[in-house]
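Data first, discussion second: the structure below is written as structure tokens.
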Amino acid sequence: PKKKKHNKMALASGPKIPRMLATKVEKQGFLMGIVVAKRQPKTLRVAVDRRVLDTKYNVWKTRRTLFMVHDELEECVYGDCVIIKQSKRHSKLKAFEVHDIAVKYKPAAFLQENPEYAEAMASIAKSKPSGPAE
């Protein structure tokens with residue numbers, strides 16, 4: 001019998017997001033991913049997962065693509081789930097920009113709202129000895 005043809009590429013389920021935002025992602029030109037690095041100002045690295053069917057073994061595999069994304073307002077932090085869209089090229093590697101933040105990363109949001117905890121954590125980190133204990 002003939003094998004059914006499957007859609008080889010689909011968005012990974014990823015973190016839970018509101019249904020209204022999920023419909024935006026399905027439109028052409030929009031992708032959803034997680035912020036995995038923020039090292040330069042106004043630049044993020046976003047990991048976008050997709051599901052691919054391995055036709056030889058008939059198993060779904062998750063593949064990851066990393067995009068450099070322009071964040072004009074600098075409001076995204078590590079761990080945020082963001083919706084990105086293709087835009088004019090900002091540099092050699094940046095051709096996407098942040099469209100919306102789907103889900104804020106809860107620990108980072110908490111530390112932004114309560115800076116006294118961030119200061120306490122920084123002082124604890126300074127007081128710990130660096131290097132192996134003898």
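Because only heavy atoms are used, hydrogens play no part in the values below, and waters and symmetry mates are left out as well, while side chains stay in.
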Can any side-chain N or O of [X] pair as donor or acceptor with the backbone N or O of [Y] at less than 3.5 Å?
X	Y	result
T43	Q40	no
D80	V77	yes
D54	K56	yes

So, for V48 and G33, which heavy atoms are closest and what is the spacing to 0.1 Å?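 In this case the closest contact between V48 and G33 is CG2-CA, 4.2 Å.
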For a side-chain contact (heavy atoms from CB on, under 4.5 Å) check, start with the C-alpha distance between Y78 and K38, then their side-chain angles and the critical distance, and finish with the verdict. CA-CA 7 Å; Y78 175 84; K38 182 177 180 174; 5.9 Å; no
Between [atom1] of [X] and [atom2] of [Y], what distance do you get to the nearest 0.5 Å?
X	Y	atom1	atom2	result
E97	F67	CD	CZ	14.0 Å
F96	R89	CZ	CZ	9.0 Å
K88	K94	NZ	NZ	9.5 Å
L44	E75	CG	CD	10.0 Å
D100	K85	CG	NZ	10.5 Å

Stepwise salt bridge (charged side-chain N to carboxylate O under 4.0 Å, His left out) check, D71 with K42: CA-CA 5 Å; D71 181 17; K42 298 189 180 184; over 6 Å; no
Which is it for V46 and V36 under the side-chain contact (heavy atoms from CB on, under 4.5 Å) test, yes or no, and what are the steps along the way? CA-CA 6 Å; V46 176; V36 294; over 6 Å; no
Quick one: list whatever passes ring pair (Phe, Tyr, Trp, His ring centres under 6.0 Å) with Y105, sequence neighbours left out.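 For Y105, no residue satisfies ring pair (Phe, Tyr, Trp, His ring centres under 6.0 Å) once neighbours in sequence are set aside.
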Indicate, with yes or no, if I84 and I101 share a hydrophobic cluster defined by side-chain heavy-atom contacts under 4.5 Å among Ile, Leu, Val, Met, Phe, Trp and Tyr.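 Yes, same cluster.
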Check the pair H99, F30 against side-chain contact (heavy atoms from CB on, under 4.5 Å), reporting the backbone distance first and the verdict last. CA-CA 8 Å; H99 177 72; F30 289 92; 3.4 Å; yes
Got a sec, which hydrophobics cluster with L93, joining ILVMFWY side chains under 4.5 Å apart, including via others?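 L93 shares its hydrophobic cluster with M68.
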What orientation do H70 and H90 show, parallel under 30°, tilted 30 to 60°, or perpendicular over 60°?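 Judged by the thresholds at 30° and 60°, the geometry between H70 and H90 is parallel.
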Regarding R50 and T65, do their side chains bring together a donor and an acceptor under 3.5 Å, going by distance alone?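 On atom types as modelled, these side chains qualify, holding a pair under 3.5 Å.
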Just do the side-chain contact (heavy atoms from CB on, under 4.5 Å) check on N58 and L53 with the steps written out, would you? CA-CA 6 Å; N58 200 25; L53 179 66; 3.7 Å; yes
